[in-house]
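Computed from a prediction, not measured in an experiment: that's the story for all the values here.
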There are 2 protein chains.
Amino acid sequence: MPLEANRVYNFNPGPGTMPLPVLKEVQAEMLNFHGSGESIVEISHRAPQYAEVHAQAKADIKELMGLGDDYEVLFMTGGASTQFALLPLNFATKEHPGSYVLSGSFAEKCYKEGANLGVAEIAASSKEGGYKHVPTQDELKINSEAAYLHLCYNNTIYGTEYHYIPETNGVPLFADMSSDMLSRPLDFKRFDLIYAGVQKNLGPAGVTLVIAKRDLLAKSPEKLPTMFKYSTFLNKDSLFNTPPAFCIYFVGKVAAWIKAQGGLTVMAERNKKKADLLYAAIDNSDGFYRGHADKDSRSFMNVTFRLPSEELEKQFVAEAAEQALCGVKGHRSVGGMRASIYNAMPYEGVERLADFMEKFRKAHA
Amino acid sequence: MPLEANRVYNFNPGPGTMPLPVLKEVQAEMLNFHGSGESIVEISHRAPQYAEVHAQAKADIKELMGLGDDYEVLFMTGGASTQFALLPLNFATKEHPGSYVLSGSFAEKCYKEGANLGVAEIAASSKEGGYKHVPTQDELKINSEAAYLHLCYNNTIYGTEYHYIPETNGVPLFADMSSDMLSRPLDFKRFDLIYAGVQKNLGPAGVTLVIAKRDLLAKSPEKLPTMFKYSTFLNKDSLFNTPPAFCIYFVGKVAAWIKAQGGLTVMAERNKKKADLLYAAIDNSDGFYRGHADKDSRSFMNVTFRLPSEELEKQFVAEAAEQALCGVKGHRSVGGMRASIYNAMPYEGVERLADFMEKFRKAHA
């Protein structure tokens, strides 16, 4: 039976699937936003209707994360890749370098931007063996003089995720949460700065969320270019220049949708249930499916696994697509499959994938 | 009579009014883009459906501008304000500074970012007298060692626009065309680099177009952060990381709409006709309306004018809004009114505004 509006189950790693009710709201409002007589894409970023969207999105994100007035939400651009440069430019020096935990491709790219500026060091790495786990607390060598300890909290490509918050003994804790942002409750107050490109869990590519302590954001060096300073975004409420208003509007709707579902606790329950189903399909396959991630580091967002041969992997991708199960091909650096099951992926989609995995295995084992 | 879908005539300076047929297409495709079963906001930026959008948008923009293979279109983020820093970082040095023509607020902001980096000088300025005109060729003092001469081609706040292309004697010519991009034909080959935030004439805020000579874009210094180098965008076809896909998709639709209308020649005819109507309303008002810009520098995009008193100006804004003529309030640094009449503003909207100006004048002269 075809899905509503002939849609598919979209397992892509990002841009990723969005909540259908949000897409429908956006569609309904496209020609006339809240009685303004203008589309949200046309409305002035200084108009009261937009100001409400902007403020509400910030408030909802902070509420979902349980953060207070000492934290600020910034709407920036350029994706996580731009943050990789902005973090060391704003906060690190040779005396107080950034300290990086290497747990995957993006963690490594982030470190390299700091190293390129001569202000980075490595606190731990799980590269050996192919980034199958995230480094444990015991593996971390944290320089007490470091400007920050940087983590990539979920590793989209390798399918690993932190299941603990590192103790840093006072070193500010920074995390790239691009692929698990707002997917589960955490003690977010233990982080000093969190950032995320939104295109996996939260909205259309084009806005980067930065949620951080206000007193930290105020510390940008005076001489940096205006648009590279966190303080510019802090002082101007992310309205120094025209923000990516449509993306912010969409993210606001997704945040409201998450609240309406019951918040991060409900998201986490659903996401765990979905992940459990797929990991069970792997673990109960008599070795037909081989998970890439070590069990204690398995991601609830990206489930990575191999099949017995590349031939079968190609066949799996093609046959899955015929069942409206799209985007399951893994990243070339791991190979095999990756099922990304972000907040908006319904349980039914994952159930259908698990059923397909079982049938495919029986046909080819 | 209310407009279709209770829309208004949106004279805002940016974000600005968009073509209604484009908004309707975007609306129709929101749940399922081109049979993919996914929304354009959900689709992978590596998917063939997106690749087609990306390539077509680039091709249409180059075709409209009459540019060949020696030019490349980049899709960047951060708005013109980010370009203000990237230009000197990529191209200027103390020996070969950027040379800036100051013709308004954004031209000045751009210069300041270069000056902050110690690599900028002023070629001309019309600040004295309140930026009422753009400097003429005779006023330009171009350092032959300059890395580039930078212009802001249309000055949104002051309502002035260049009506000539400066002769630079070999110094590369750069222009911020954020507020008049694709509004008229020009000999674009005389420019080495053109950039524009798209939210005035071309799409939703969130993507910055850079159209430049390929051999120039290749010259970024190796040591710059990855995302600050034009060469990264050149070498990776603006797909080094996830681009603002929805904004690019929308810009592509606007470019196709411009082509279908007859291209830049038709846009220019329409825009001149609209501007002529408003400037006539000013010039024939016996001094009731006073234009800000000198006649030879008048913008076809932003028509700025004052009324006899601030009291009347407030009343004008309020009464215009009652007639569905929205966003006519000027910028605080000029005061008075500003009617932004970008490509997508229909002639009927401008006619209605001119009629209103006439009635208002008769009631209050």
Q: Sort A:A5 into side chain, backbone, both or neither according to what part of it lies under 4.5 angstrom from a heavy atom of chain B.
A: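 The answer is both parts of A:A5.
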Q: Can you tell me which portion of A:K200 sits under 4.5 Å from chain B's heavy atoms? Options are side chain, backbone, both or neither.
A: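 It is neither, since no heavy atom gets under 4.5 Å.
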Q: Quick one: what part of B:K112 sits under 4.5 Å from any heavy atom of chain A, side chain, backbone, both or neither?
A: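 Neither part, no heavy atoms under 4.5 Å.
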Q: For A:A28, is it the side chain, the backbone, both, or neither that has a heavy atom closer than 4.5 Å to a heavy atom of chain B?
A: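 The backbone, not the side chain.
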Q: In terms of heavy-atom proximity below 4.5 Å to chain B, should A:E113 be classed as side chain, backbone, both, or neither?
A: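 Looking at A:E113, just its side chain touches chain B.
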Q: Where does A:L86 contact chain B at under 4.5 Å (heavy atoms): side chain, backbone, both or neither?
A: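 Answer is side chain: those atoms of A:L86 sit under 4.5 Å from chain B.
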Q: Where on A:P243 is there a heavy atom nearer than 4.5 Å to chain B: the side chain, the backbone, both, or neither?
A: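 Contact with chain B is through the backbone of A:P243 alone.
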Q: What part of A:Q199 gets closer than 4.5 Å to chain B, counting heavy atoms only: side chain, backbone, both or neither?
A: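 It is the side chain, since no backbone atom gets that close.
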Q: Side chain, backbone, both or neither: which part of A:F228 has an atom under 4.5 Å from a heavy atom of chain B?
A: side chain
Q: Given a strict heavy-atom distance threshold of 4.5 Å, which part of A:N6 is in contact with chain B: side chain, backbone, both, or neither?
A: both
Q: Between B:Y9 and chain A, which part of the residue has a heavy atom less than 4.5 Å away: side chain, backbone, both or neither?
A: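 Contact with chain A involves no heavy atom of B:Y9 at all.
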Q: Between A:I43 and chain B, with a heavy-atom cut-off of 4.5 Å, which part of the residue counts as in contact: side chain, backbone, both or neither?
A: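 Only the backbone of A:I43 comes within 4.5 Å of chain B.
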Q: Is it the backbone or the side chain of A:L89 that comes under 4.5 Å from a heavy atom of chain B, or both, or neither?
A: side chain
